[in-house]
Every structure is written in structure tokens, then in C-alpha cells.
Amino acid sequence: MMKLRALLPILLVALCANTAPPQASSGPVAIEIDSDFGGLDSSTHSHILILRKDGHYEIDSKPVDDGAVAALVSAVEAPALPDIDLKNLGMDAAWRDRHKDDPPDDRLKFSEGAANQQDLYRRAFADPGRMHAVMRAFYQNYVTDTHPHVVVALTFADKSVVTADSMAQFQFMLPWTVTRDGASRETYNADIGRAVASFLPDKDANKGRAAGVDLAHDVETHFSFQIWDEWHTLGARNQAGPAIARLQTRYALVTAEISDRAYGFPLDDGNVPDESDLHAVVRRAGFPASFSDSVVLHYRNGQAEGVEDFLQQSAAHEARVLSVPWLAKYMRGHQDEFHLSYVHGASFGDVEMRGFTADMHKIGKDALVRTVRAMRDKVVLLLSGPKDFETYWLVLPDHRMILWRYASTLYPQKWHDAENKLPGRDCAGGLSMFEACVGTFVSADGVLEK
């Protein structure tokens with residue numbers, strides 16, 4: 001019994017040693033964090049060196065919370081998250097439910113939306129599958145003139161080094177690239193950003209970004225854009241349901257919107273009046289997936305006008321576009337978007353003719369205007385490329401096309417390399433300073449006239 005009593009203190013010490021939490025001595029001997037930010041208005045740089053001393057960590061000989069260090073090391077060394085994880089982001093069901101009533105981006109005009117539009121937004125915001133897709137798209141964005149960069153280096157007693165590196169612009173700076181023994185892996189672990197932020201000084205421009213402090217605001221803004229088409233399509237159904245139903249007797253509806261802005265060719269001469277229009281993008285079954293009709297109808301007295309006129313004309317316009325051999329082949333083999341333009345009763349109407357005339361006069365091709373005017377009622381206006389960066393084409397009845405104008409930062413279709421650089425010149429007017437006018441024929445087999 002005396003022997004047991006004598007051994008008891010030793011046994012208690014041993015037991016405590018086996019059950020105590022692991023000490024910092026098993027972690028890295030040094031941690032370096034370099035944070036740089038460059039932008040139009042400001043730049044910052046931070047260098048933090050964390051050293052282990054006597055089993056604990058310190059910065060500039062001042063003690064550091066070992067728990068914060070452990071959180072950073074654990075996050076860097078955790079198994080990689082190859083995809084967005086809502087729970088890891090802090091966006092679990094409770095978070096989504098808490099934020100679904102927050103005001104979304106002002107451009108959505110949420111408070112003016114109908115009850116079914118607001119319900120659509122809230123249900124979509126709470127849907128984990130929908131939110132996961134939105135966050136995937138969110139982290140694929142890019143912002144110009146914003147250049148963050150953070151590097152974390154963990155150095156161990158055996159001289160091995162593990163680094164975590166990110167130049168990502170959005171919340172938590174995802175994704176991070178973690179490198180160990182020469183092998184790199186990408187991870188969407190937001191815990192790395194959170195842990196890094198705890199060590200950055202308040203003046204560091206990357207601190208809030210790494211911590212994800214603006215997550216709710218950024219998500220609400222991005223989510224507003226992701227739901228934009230559905231929101232406005234539902235609103236258009238509310239206001240112009242009969243017209244949309246009539247369009248759907250022959251077409252699948254892609255998007256729709258009631259808008260107070262005049263639509264068509266972007267003239268700068270101030271001669272386009274303010275008006276309300278139904279804008280609808282529709283697609284006919286069996287056509288190339290990249291080909292659709294962009295339809296603009298007057299919206300007056302609570303109804304859209306001119307649906308029947310469009311339905312009477314559309315088949316002939318579509319046939320003209322698809323009869324161009326090179327274009328039909330190109331559409332079926334590429335993902336570029338092509339929209340047959342139909343505005344207020346015509347594909348190539350008065351506004352478009354005025355714009356074409358002004359542009360061709362500016363670049364010294366008035367003869368081309370006379371050619372087009374002589375066959376104007378048979379000309380189809382075709383737009384290709386992303387919104388606000390469209391290329392304008394005129395499709396002629398003899399299977400030729402005229403390349404009218406394009407966004408000089410985005411060459412149209414197959415004319416995009418140095419050898420085929422387009423002879424674009426400044427247009428008379430348009431949406432942006434990057435518009436370039438060409439006024440050149442393209443043959444039926446796709447040869448650009450020199």
C-alpha cells in the first residue's frame with residue numbers, strides 16, 4: 001500500500017502527460033506571412049514573422065496566441081477542398097435563411113418586384129444547390145486594377161517548408177495553392193484566409209478580404225446578377241403573359257424583360273425616344289443551340305404589340321441566316337451566340353439604317369449604303385458575341401454578308417488572329433470607344449473581301 005501511495009504522484013503526472021493537448025513544440029519553428037496589395041488608389045505591404053521559443057510562439061519577442069497559430073497550421077495542412085463548400089464558407093442553412101431577406105443589389109429593384117418575384121429570390125437564395133452554383137461562378141470572376149497577394153510559409157525543424165499562396169481577389173482569397181515537397185494542390189478552404197487575417201494588421205488591405213468580412217454583401221450582389229434573367233422573365237410574364245404565351249406556341253422562351261429603355265442600334269444622335277418594350281430572346285426547336293431571335297416589341301397600355309407580325313416574318317428571316325453556307329456550318333460547330341435582331345416590326349429598320357448610314361459615311365463607304373438601301377426589305381440584321389460587345393452583320397439575299405462593326409477588343413468569329421486582323425476604323429457612334437467599323441463583304445463560303 002505504501003509503495004502504491006509513493007507511485008501515485010508519478011502515475012498522475014504520466015496520466016496528465018498522456019491526456020494533455022499537444023504542445024506547440026510539434027509545430028513549425030517559424031511562420032512567415034507576406035501580404036501585398038496593389039490598386040489604383042492604394043497599396044500596402046505587411047511582413048509577419050512568427051517564431052517558436054520554448055514551446056510557444058511570439059512575434060517581435062511578444063507572445064502570440066498559440067491557438068491562432070494552431071488554427072493557421074491546421075488550415076494549411078488540412079486535406080484540400082477541391083470545390084466550394086457552403087458550410088466551410090459559413091453559408092449553412094441558418095446563414096442563408098438569415099440573409100435571404102437582406103436587400104439585394106439595388107439594380108434588381110427588389111422592393112418594386114411583384115410578390116412572386118420576391119418569393120423566387122428568397123427560395124433560390126435558400127436553395128443549397130442553387131447557392132453552390134452561384135458561389136462557383138462568384139469565384140471565377142475577375143476585377144481589374146485589384147491585385148492582392150498573400151504567401152504563408154511554415155518552416156519545420158527538419159528544414160521542410162509548406163507554403164500557402166493566393167492572388168485571389170474575392171472573399172477568403174479562394175482558392176489557395178498549398179505546396180509541400182514540390183507538390184501543389186488547390187484548396188477552397190476558407191479557414192486559411194480566416195487564420196491569416198487574424199495576424200494581419202488593420203491597415204493591411206488584404207485583412208478584410210482574407211477574413212471574408214464582406215461575404216454577405218458580395219453574395220447578395222452576385223446573386224442578384226445570377227437571378228437577373230429569371231427575375232425579369234417572371235416580371236415580363238406578369239405584365240405581358242398573353243404575348244409571351246403566343247411566342248411560345250412556336251418558340252422556347254430563353255429570357256424576357258419589360259424595359260423602359262429604347263432598344264435597337266445604339267444611336268448617339270438623340271433621336272430614339274424613351275419607350276417601354278418587351279424584350280424577348282426566343283429559340284426555335286431544331287436550330288443550332290447558339291442561334292436565337294432577339295425580339296423587341298412595343299409595350300403599351302399593358303400589352304405587347306406586334307407579336308403576329310413577328311411570327312409572320314420570322315421564318316423567312318431565320319431561313320435567310322441559315323442559308324449562308326459558312327455561317328450555318330460555323331454555328332453548328334461553335335458556341336458563339338448569334339441573335340437575329342427584330343425590333344418594332346423589322347430586322348433592319350429605320351434606326352438601324354440610320355446607324356449604318358452614319359458609320360459608312362464616317363469610314364468613306366457611302367456606296368455600300370446605296371447597295372444596302374436598294375435591298376433593305378430583304379436584309380437581316382444579325383448580332384454575334386456577348387452583350388455590349390456584339391458584332392453587327394447584315395445578311396443579304398444572295399448569301400453574302402456585310403461585316404458592319406465589331407468590338408475592337410473582341411474579333412468576330414474566325415477573323416481573330418494577326419494574319420486576319422480586321423481593318424476596323426472609328427465608328428460614327430455607338431456604345432463604347434472600342435467600337436470598330438469595317439463595312440466589308442463576306443462571301444457565301446466565308447471569305448472576307450480585301
Side-chain angles (χ1 to χ4, degrees), residues 13-38 43-85 87-90 139 147-212:
V13 170
L15 181 60
C16 289
N18 289 331
T19 58
Q23 297 298 305
S25 59
S26 61
V29 296
I31 301 172
E32 285 188 87
I33 303 174
D34 278 289
S35 174
D36 291 281
F37 175 82
S43 62
T44 61
H45 171 74
S46 301
H47 176 77
I48 296 97
L49 177 61
I50 307 169
L51 297 174
R52 192 177 74 200
K53 185 176 181 180
D54 299 329
H56 297 282
Y57 289 96
E58 58 182 38
I59 297 176
D60 296 332
S61 300
K62 297 178 181 179
V64 177
D65 180 8
D66 287 342
V69 174
L72 176 59
V73 175
S74 176
V76 171
E77 297 197 308
L81 289 178
D83 193 8
I84 294 299
D85 184 288
K87 184 176 181 181
N88 176 262
L89 291 174
Y139 281 108
H147 307 289
H149 189 196
V150 174
V151 180
V152 181
L154 313 180
T155 301
F156 293 86
D158 62 358
K159 307 301 183 183
S160 64
V161 178
V162 179
T163 63
D165 184 291
S166 176
M167 300 177 70
Q169 297 173 314
F170 298 101
Q171 300 302 309
F172 306 113
M173 299 188 67
L174 300 178
W176 291 82
T177 299
V178 177
T179 303
R180 177 195 288 272
D181 298 329
S184 297
R185 54 191 171 89
E186 192 173 81
T187 181
Y188 283 87
N189 187 353
D191 291 338
I192 298 178
R194 293 187 183 101
V196 167
S198 69
F199 292 102
L200 296 179
D202 291 342
K203 66 179 181 179
D204 192 294
N206 291 323
K207 184 179 179 70
R209 186 191 318 270

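All of these numbers come straight from a predicted model, not from anything done at the bench.
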| field | Beyond-backbone contact of Pro148 with Gln169, side-chain heavy atoms, under 4.5 angstrom | value | yes
| request: Please round to the nearest 0.5 Å and tell me the distance separating atom OG1 of Thr44 and atom CZ of Phe37. | output: 7.0 Å
| Whether Asn206 side chain and Asp36 backbone form a donor-acceptor pair below 3.5 Å | yes
| From OG1 (Thr163) to CG (Leu154), nearest 0.5 Å | 8.5 Å
| N/O donor-acceptor pair under 3.5 Å between Tyr57 side chain and Gly67 backbone | no
| field | Value rounded to 0.5 Å, distance of CE in Met173 from CZ in Arg194 | value | 14.5 Å
| field | Check: Ala190 main-chain N/O paired with Asn88 side-chain donor or acceptor under 3.5 Å | value | yes
| Do side-chain atoms of Asp60 reach the backbone of Lys62 as a donor and acceptor pair under 3.5 angstrom? | no
| said: For a 4.5 angstrom cut-off between non-hydrogen side-chain atoms, does Ile33 reach Leu72? | reply: yes
| query | Where do Thr187 and Leu81 come nearest, in terms of heavy atoms and distance? | reply | OG1-N, 2.9 Å
| request: Go through the steps to decide whether Ile59 and Ile48 satisfy the test side-chain contact (heavy atoms from CB on, under 4.5 Å), and finish with yes or no. | output: CA-CA 8 Å; Ile59 297 176; Ile48 296 97; 3.7 Å; yes
| field | Heavy-atom pair with the smallest gap, counting every atom of Ala68 and Ser198 | value | CB-OG, 4.4 Å
| query | Would Trp176 and Val150 satisfy side-chain contact (heavy atoms from CB on, under 4.5 Å), going step by step from the backbone distance to the final call? | reply | CA-CA 9 Å; Trp176 291 82; Val150 174; 3.8 Å; yes
| query | Out of curiosity, Tyr188 OH to Ile84 CD1, how far, rounded to the nearest 0.5 Å? | reply | 5.5 Å
| query | Roughly how far, to the nearest 0.5 Å, is CG of Asp65 from CZ of Phe199? | reply | 7.5 Å
| query | What are the two closest non-hydrogen atoms of Pro82 and Ala80, and how far apart are they? | reply | CD-O, 3.3 Å
| said: Quick check on Asp158: does its CG atom have over 12 non-hydrogen neighbours (other residues, nucleotides or ligands) under 6.0 Å away? | reply: yes
| Applying the side chain to side chain contact (heavy atoms under 4.5 Å, CB included) test to Ile31, which of Leu51, Leu49, Val64, Val73 qualifies? | Val73
| request: Please answer whether the main-chain N or O of Val29 pairs with a side-chain N or O of Thr155 as donor and acceptor at a distance below 3.5 Å. | output: no
| said: Here's a test for you: under side-chain hydrogen bond (donor to acceptor under 3.5 Å, both in side chains), which of Asp165, Thr177, Thr179 qualifies with Ser184? | reply: Thr179
| query | Measuring from Leu174:CG to Arg209:CZ, what's the distance to the nearest 0.5 Å? | reply | 12.0 Å
| said: Please tell me whether Asp66 and His56 have a donor and an acceptor in their side chains that are separated by less than 3.5 angstrom. | reply: yes
| message | Quick check: closest heavy atoms across Asn189 and Ala75, and the distance to 0.1 Å? | response | ND2-O, 3.6 Å
